[in-house]
Number of protein chains: 2
Amino acid sequence: MTSTLGYAILTALARKPRSGYELACSMGRPLGYFWTARHSQIHPELQRMVAAGLVSFEQVPGPGPQRKKIYSITGKGRDALREWAVEPPQARPERDELALKAYAAWLADPAELAKLFQAQLEEHERRLAAYEDERASFAGVPGSDSQSFGDYAALWCGISYENHRIAWCRWMIEQLGAERAPRAASGAAWCEM
Amino acid sequence: MTSTLGYAILTALARKPRSGYELACSMGRPLGYFWTARHSQIHPELQRMVAAGLVSFEQVPGPGPQRKKIYSITGKGRDALREWAVEPPQARPERDELALKAYAAWLADPAELAKLFQAQLEEHERRLAAYEDERASFAGVPGSDSQSFGDYAALWCGISYENHRIAWCRWMIEQLGAERAPRAASGAAWCEM
DNA sequence: AAATCCATGTAATTAGTTACATGATTCG
DNA sequence: CGAATCATGTAACTAATTACATGGATTT
């Protein structure tokens, strides 16, 4: 019915009403970890969704030229979101530029590539630490019918993903460091996390 | 210099010369696992890259209206690829529709959502099995200066990713099955793979 | 006074998908 | 003889980014 961005907006509005600005810049934690959009994409999308009856808005006198709009999800929007949530995701092909660089690793300078993977590793370690901090604020797994279950489930996914990425970066750095030295297949340790 | 698609094409042509058709449909294993494009995107890109001197082509009498073109990477193309390989990847924001659905899980029907994650789980298990098959054809880790190191590195990434995804899907199914029953935080087993 | 934040929009461009268009060869 | 495969291209459209444009309120 709407684009995936539309549903991303609906998941945010289902939690609490927001302005387009808030949607755009608080497309940081946790939503921004798995879906992002700029305000230039969000504002037109909100207009379409108002026209489709999925969201409504209310003008409030916020700063700026007095034209702050607070958007809320409508009953129709909530129904659409509920239906969408259980439909299979449209298989968007994975595009992983770092994997592509790894695929071309054999003709690159190993030391330079190792530096690149080191920087990526540190970035993923930073993200993992931030996710772990957030996880620490949960006392046990929320029930699957509670709002915070969504937060927790997405966080679980993020932590698992960062762990995978960290393991791969470490392995790459190790391999690139061990230039020319003969390597044994590391047996049971292969792909171990 | 070129788009990322251009570099994806160069990584393929650096291994062996190919026609546009072969590039398009053999953007299956292993390249297709982390970068894909349709022929309608590949043909114009090849034309641009010929103009930029990154690839060259040779007409050969293949089937069809005799106009099969075999593209090869040029010295300039190889240099560009070498440089690109060690540059930091442009952070393209992650867009994960399944994580988005998980984030909206609290207002969806748990049984239906579990079915969805079950289907995803099976898909990832199929892929993992295919990757493991490919991995079995390697006798140890190739040296980082050999062409097959690229294959192996990308495969490692793929296997690790599928393992992460499988673990998350299993956890989601478990949580969605345990409707309403009180859940203990599964302690040390949290996010365990 | 300048910078930053809050706030909303439009325009231009790039990337990517789907559909349209053509045509020879090979296999059943 | 029809379907699938090999082969190359263009056109239309959707999604997303970057840049342009405006302007009040708050902080330094």
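Chain naming here is simple, since letters A, B, ... match the order of the sequence lines and numbering starts at 1 in each.
- Y71(B) has its OH atom 13 Å from the P atom of dA7(D), to the nearest Å.
- Of the options H124(B), Q175(B), E125(B), a side chain to side chain donor-acceptor pair (under 3.5 Å) to R170(B) is made by E125(B) and by none of the others.
- Checking dT8(D), dA16(D), dT8(C) against the side-chain heavy atoms of R67(B) singles out dT8(D) as nearest.
- Whole-Å rounding puts the H39(A) NE2 to dT17(D) P distance at 12 Å.
- Note on W84(A) and L107(B): same hydrophobic cluster, where clusters join Ile, Leu, Val, Met, Phe, Trp and Tyr whose side-chain heavy atoms are under 4.5 Å apart, directly or indirectly.
- Of the two residues near DNA chain D, L5(A) and I70(B), the one whose nearest nucleotide lies more 5' is I70(B).
- Take the nearest nucleotide of DNA chain D for P93(B) and for E22(B): the residue whose nucleotide is more 5' is E22(B).
- Between Y21(A) and dC6(C), a side-chain N or O to OP1/OP2 separation shorter than 4.0 Å is present.
- Here dT8(C) presents its P atom at 11 Å from CD of Q47(A), a figure rounded to the nearest Å.
- In this structure, H43(A) atom NE2 and dT10(C) atom P are separated by 10 Å, rounded to whole Å.
- In this entry the distance linking NZ of K68(A) with P of dG9(C) reads 14 Å, nearest Å.
- Under the 4.5 Å side-chain heavy-atom criterion for grouping Ile, Leu, Val, Met, Phe, Trp and Tyr, Y21(A) is not connected to L10(A) through any hydrophobic cluster.
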Donor-acceptor list for residues 108-118 of chain B side chains, cut-off 3.5 Å, not counting sequence neighbours:
from, atom 1, to, atom 2, distance (Å)
D109(B), OD2, E112(B), N, 3.1
E112(B), OE2, K115(B), NZ, 3.2
Q118(B), NE2, E122(B), OE2, 2.9

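- At dA16(D), one or more side-chain N or O atoms of R92(A) fall inside 4.0 Å of OP1 or OP2 (strictly under the cut-off).
- Computed from coordinates, the Q41(A) CD to dA15(D) P distance equals 9 Å when rounded to whole Å.
- S40(B) comes within contact range of at least one nucleobase, with a heavy-atom separation under 4.0 Å.
- Relative to the side chain of R38(B), the nucleotides dT17(D), dC6(D), dT17(C) differ in distance, and dT17(C) lies closest.
- dA15(C) atom P lies 12 Å from atom CD1 of I9(B), rounded to whole Å.
- Protein atom CD1 of I42(B) is 15 Å distant from nucleotide atom P of dA15(C), rounded to whole Å.
- Side-chain contact check for Y71(A) versus M49(A): every heavy-atom pair is 4.5 Å or farther apart.
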